[in-house]
S.K.: 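Below is a structure I'd like to ask you about.
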Protein chains: 4
Amino acid sequence: MRIAVLGCGRIGRVHADSVAASARAELAWVFDPVESSAREVGERYGAAWATDVETVLGAPDVDAVVVASPTPTHVDLLTRAVRWGRTVLCEKPIDLDIARVDACRADLGDLTAKVMLGFNRRFDPSFAEVRHRVAAREIGKLEQLTIISRDPTPPPAEYVAVSGGLFRDMMIHDLDMARFFLGEVVAVSAQGANLVSTVFRDAGDVDGAVVTLKSADGRLATITNSRRCAYGYDQRLEAFGELGALSAANQHRTSVSFSGAAVTGAEGPVLNFFLDRYAPAYRAELEAFVTMTETGSPASPGFDDGRAALLLADAAALSLRSGAVVEVRG
Amino acid sequence: MRIAVLGCGRIGRVHADSVAASARAELAWVFDPVESSAREVGERYGAAWATDVETVLGAPDVDAVVVASPTPTHVDLLTRAVRWGRTVLCEKPIDLDIARVDACRADLGDLTAKVMLGFNRRFDPSFAEVRHRVAAREIGKLEQLTIISRDPTPPPAEYVAVSGGLFRDMMIHDLDMARFFLGEVVAVSAQGANLVSTVFRDAGDVDGAVVTLKSADGRLATITNSRRCAYGYDQRLEAFGELGALSAANQHRTSVSFSGAAVTGAEGPVLNFFLDRYAPAYRAELEAFVTMTETGSPASPGFDDGRAALLLADAAALSLRSGAVVEVRG
Amino acid sequence: MRIAVLGCGRIGRVHADSVAASARAELAWVFDPVESSAREVGERYGAAWATDVETVLGAPDVDAVVVASPTPTHVDLLTRAVRWGRTVLCEKPIDLDIARVDACRADLGDLTAKVMLGFNRRFDPSFAEVRHRVAAREIGKLEQLTIISRDPTPPPAEYVAVSGGLFRDMMIHDLDMARFFLGEVVAVSAQGANLVSTVFRDAGDVDGAVVTLKSADGRLATITNSRRCAYGYDQRLEAFGELGALSAANQHRTSVSFSGAAVTGAEGPVLNFFLDRYAPAYRAELEAFVTMTETGSPASPGFDDGRAALLLADAAALSLRSGAVVEVRG
Amino acid sequence: MRIAVLGCGRIGRVHADSVAASARAELAWVFDPVESSAREVGERYGAAWATDVETVLGAPDVDAVVVASPTPTHVDLLTRAVRWGRTVLCEKPIDLDIARVDACRADLGDLTAKVMLGFNRRFDPSFAEVRHRVAAREIGKLEQLTIISRDPTPPPAEYVAVSGGLFRDMMIHDLDMARFFLGEVVAVSAQGANLVSTVFRDAGDVDGAVVTLKSADGRLATITNSRRCAYGYDQRLEAFGELGALSAANQHRTSVSFSGAAVTGAEGPVLNFFLDRYAPAYRAELEAFVTMTETGSPASPGFDDGRAALLLADAAALSLRSGAVVEVRG
């Protein structure tokens, strides 16, 4: 299978690397408007490269497309790729504006089944194991889900300004994770904080938040986010049910611990960078994309998962402003 | 110091035992309207016993009183004991009705300083250590507090009916703990669930809940409660701040773990019964009460802490009904 | 049951405290040749006290005797107490000289069944749980036992000089623990080190050692000792068998851990003092002694367990000198 | 850099994969006398393949050679490769017979500096971190080293017969690890057991063993081995010194744990297969080999490390037979 990657920034390079590492796929083309980026990635992996997307989207020998370009271009590129007959793995979010997402959805119709959304955490081996064991009823019926998700360091101010805000930019991953476990969510309430950096307040954004979700069948989830975490990339999840709990703990580079006069059992910082923490997830995600392309099965997570997570992010933002629980209807 | 314990039920016996174990106090009197209970406890510890409270409240040789009788009697008994010149350690809650609490407060005036509230968890060595180290700025400024608190098994239906509901009966401990860390809380939002037992639904109560609190200075806390937990008495807390996090984990009877074909590092169930889990806390609480009585210093936690926790519980109950954040004013 | 404690030094006070705390026993008498010690302990617990042991050993109202005096007096005192018709809980070791132990054994004959040896660690809840679960075949047949045992700080030089050496003074507890799990030990090999303090070398002693034991049925145990440990009183054990392993980890005062920029999951120092670490063990040991006295059942651990551990210590010392495996015959 | 891999069995494939994955090396040739193996590996990685080693050892475009053939062929192949001017990464052991090793050493002289020994565990990120932090004096002077190393399942009987025995085949890795930490070892004592399978006894071998080592400067190490472990590949190490301890714990595929009615904090089995557990070690080892080849620096671990570990294995086997500490002289 020959794959094109659109966008050679940080996340585009992650996908290019996953394609190159796959025994089942080949990196055919890369695109980036910045020539040095496109050339660098293309040459590293022996792929053709272009600075105009038309060249790539017109190439005859491409089976599938990864959209890893800036968010405002997602709708256009995924639409063109899908209409061109390719499957698409699109980075989240589809768009920051739900109206554009809905228009795209109406436009594509059944073709949305060809669009897989880049919610990479669903493919994290630990989270996926918890999900699998919950589905196997190890904890009986799931009742409460606790997600803690904190970034090591805040993004730069210029990014914050165009990020869409904490809920759409950062928490959207956790909102999707909650849906992954709970299914349909019907109520969202949010509280926010500005304790980390004035950059967020200046942008009208929060830098910490707690969101509570209620599923259609009455189960509860909480998500706690912070834009800064001293001990690394804090990515934890706990599923609680009638028969017990399944937890996914933070991860370390090694299994070394130190005991001395002041501390015992002290491990090192947790994996600090999303590419370290989620490297296996990105690889597994790409493999699932290859399989979906090969088999023609509907994408999962799909376009509607991307849309639903955005609806929850919008609801959280609204709840923060209104001080009320926001009811969500798909 | 000679102490009287009013009420010889389960919690009264805990206090009687703590008094007997203290090198600084002596169990002088016990009271319970049920003769067999009063006699049993009195004889076990070599204390005088009575089935009418007047006898105890009139005894000349009593320095301090522990009120461990049913909740509806708290206001009356603590008031009489305080007016009689004794210090009081009163089990939570002061009353289920904030109006009665306020009336009592108005009635007692400065005498409320003689009333210590039985928020035993403040004296738990692990929670107290986290509080102490937070105060010592080990994590810089505290920003987010996560409390998970689950009972091993639901109480009987007859208790549920008169409990005052999950927020006033169970979460009140966690609400006090949040205040212990955050100080003044100004906003409360709640979501609830009925997943454990129909007993709660039938009583108009929830059996699981998530509450989010915001402090006057913008910090966030979440409390997750469930009325049932398969692996024991789930009592955890995590304080997160600029420089890191301090966590208090669940506790086990021994430090034994098992590794075999199916699991590794498997410890036993966590301490299952509140008396096991909080035995050292009850002892330390009693010692603090003795010290307060000896020194004449104001009670801490005091009457107003009991009132404030009840206000938060009421706010949570209101938020659950209204679907809106409830602002709290002391 | 009325109990006399002979010796009011550190360990005597531990036993006096356990007797006082027991609901089934009463501290009747204490003895110490140093009047201030005898009086202090006697007055603290409301017991009679004496500076001549004859007064105590002649008191009519004593059911059982705890021998907690200096090691050279053990044989004499336990012999007199047993001949006087009392049961005895004797601190380890019976004596440093196996010849004296054997003579005592020949002298007492069946009366040795009245002598319980103070191997308190057998009563530690964690070690006892491992033993119980091993006996219940949770790990199938036990094959390998790993004991790590390190003291927080070296004893003073004057103690080292009369201690009998690391094997008889310190490792004897671990040798008994090995026997507790393995039964009869038939081969002992030892290697030693002098790395901690010149005090030990000057006394002709080692300050660290590794001993390997082989049981009659071919199972192996290792014991690692050090006279100094920076992170506290290192007391661990791991039993390995066909179906897995059971481990007893070190223990902490609280369940608090810290995560920050440099470390994560860092707990505090392990319990640092043997009285903290083994407080529940001493209590349980005393209760077992009370039960043995009440029921008339043979002591366990008994005189012959004390003798057997000393034989292993002697064998270890011999192996260290000879550089050869020493075969042991009971 | 172009690398040839001699031997396409299990371990040869590991090295072929590491070469293929390296950005700095290319798999030029593979050799195996079994055509199907040679072809399969060659075709998988796009390398030339041969069933006669002369073809590979005569190929002009090879910079370095990995010897991953059966042990009896190691000396011949490494000698030819080194004389041919290539650097060699040779799997352990050099040979089972120290006389052949010594003859090879005499034969090669300074050329032994071109031979790196495949003690992959030195490159394990966790063990390497402990080593690095010990060297940085985090625990002060190292005093005691505890290595526990257990295989998941016994090898087949036909392998046992030619393995050279537990000490030369299995423990040799741990003996090298002890040398990695302690430097020169001067005394070895061993005890063995036959508890796992009659296969070992029938072959005159043990299936469990404990070895104690003493370094030239008086430090102690213990190694505990078993040929079978229910919970996976048990690979742990603890370095203890004046200021504390550094431990490398077992590793798991995910960070998931389960808590329920019977167990809490239960993780899954530890990584069960040496290729999973040591995959990063093999990759890092290959990179070190590439660097050594590029820079011309002496191999580390080198030929003499391989010889020294074999000397210790021989000493352990002798100690097991003789029942005495065996003194080792390099």
Side-chain angles (χ1 to χ4, degrees), chain B residues 17 20-21 23 44-46 123-134 136-140 233-271 276-281 284, chain C residues 17 20-21 23 44-46 123-134 136-140 233-271 276-281 284:
Chain B
D17 193 68
R44 181 184 307 163
Y45 297 108
F123 299 94
D124 174 72
S126 294
F127 296 158
E129 180 182 330
V130 173
R131 173 60 153 52
H132 177 77
R133 293 169 69 175
V134 166
R137 311 286 291 178
E138 271 195 44
I139 58 168
Y233 191 29
D234 195 1
Q235 297 285 291
R236 288 177 285 162
L237 178 153
E238 188 166 286
F240 174 84
E242 187 178 0
L243 303 181
L246 283 159
S247 305
N250 278 321
Q251 298 176 1
H252 300 79
R253 201 182 64 83
T254 69
S255 59
V256 175
S257 65
F258 171 77
S259 294
V263 296
T264 57
E267 299 181 273
V270 301
L271 291 176
D276 293 332
R277 175 63 178 82
Y278 287 122
Chain C
D17 193 69
R44 180 184 306 162
Y45 297 107
F123 299 94
D124 174 70
S126 294
F127 295 158
E129 179 182 331
V130 173
R131 174 58 155 51
H132 176 77
R133 294 170 70 176
V134 166
R137 311 286 291 179
E138 272 196 44
I139 58 168
Y233 191 28
D234 194 1
Q235 296 285 291
R236 289 176 284 163
L237 179 153
E238 188 165 284
F240 174 84
E242 186 177 1
L243 303 181
L246 283 159
S247 305
N250 278 320
Q251 298 176 3
H252 300 80
R253 201 182 64 83
T254 70
S255 60
V256 176
S257 65
F258 170 78
S259 295
V263 295
T264 59
E267 298 181 273
V270 301
L271 290 176
D276 294 332
R277 175 62 178 82
Y278 287 121

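Within every chain, numbering begins at 1; the chains are lettered A, B, ... in the order of the sequence lines, protein sequences first and strands thereafter.
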S.K.: Closest heavy-atom contact between C:T254 and B:S126?
M.R.: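 So the two residues come closest at CB-OG, 3.2 Å.
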S.K.: Identify which part of B:L243 has an atom lying under 4.5 Å from any heavy atom of chain C, answering side chain, backbone, both or neither.
M.R.: backbone
S.K.: Below 4.5 Å, heavy-atom pairs only: which of B:A245, B:G260, B:G265 has the largest tally toward chain C?
M.R.: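 Of the candidates given, the most pairs with chain C belong to B:A245.
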S.K.: Given a strict heavy-atom distance threshold of 4.5 Å, which part of B:R133 is in contact with chain C: side chain, backbone, both, or neither?
M.R.: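 Just its side chain gets close to chain C.
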S.K.: Measuring heavy-atom distances to chain C, does B:A249 have an atom under 4.5 Å in its side chain, in its backbone, in both, or in neither?
M.R.: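 Both backbone and side chain of B:A249 come within 4.5 Å of chain C.
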S.K.: Any idea which of B:A239, B:G241, B:S247, B:G244 has the most non-hydrogen atom pairs under 4.5 angstrom with chain C?
M.R.: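 When all of B:A239, B:G241, B:S247, B:G244 are compared, B:S247 has the most.
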S.K.: Hey, does B:D124 have a side-chain heavy atom less than 4.5 Å from the side chain of B:Q235?
M.R.: no
S.K.: Give the member of C:N250, C:I139, C:L246, C:T264 that has the highest number of heavy-atom pairs under 4.5 Å with chain B.
M.R.: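 The option with the most such pairs is C:L246.
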S.K.: Do B:D234 and B:V270 come within less than 4.5 Å of each other through their side chains, counting heavy atoms only?
M.R.: no
S.K.: Tell me which of these, B:A23, B:A248, B:S259, has more heavy-atom pairs under 4.5 Å with chain C than the rest.
M.R.: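 With the most close heavy-atom pairs to chain C, the winner is B:S259.
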S.K.: Under a 3.5 Å cutoff, is there a donor and acceptor pairing between the side chains of C:S257 and C:E267?
M.R.: no
S.K.: Under 30°, 30 to 60°, or over 60°: which ring-plane class applies to B:Y278 and B:F127, parallel, tilted or perpendicular?
M.R.: tilted
S.K.: Which answer fits B:E138, side chain, backbone, both or neither, if we ask what part of it has an atom under 4.5 Å from a heavy atom of chain C?
M.R.: both
S.K.: Provide the closest heavy-atom pair for C:F123 versus C:A281 in the form atom of the first, atom of the second, distance.
M.R.: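 In terms of heavy atoms, the two residues are closest at CB-O, 3.5 Å.
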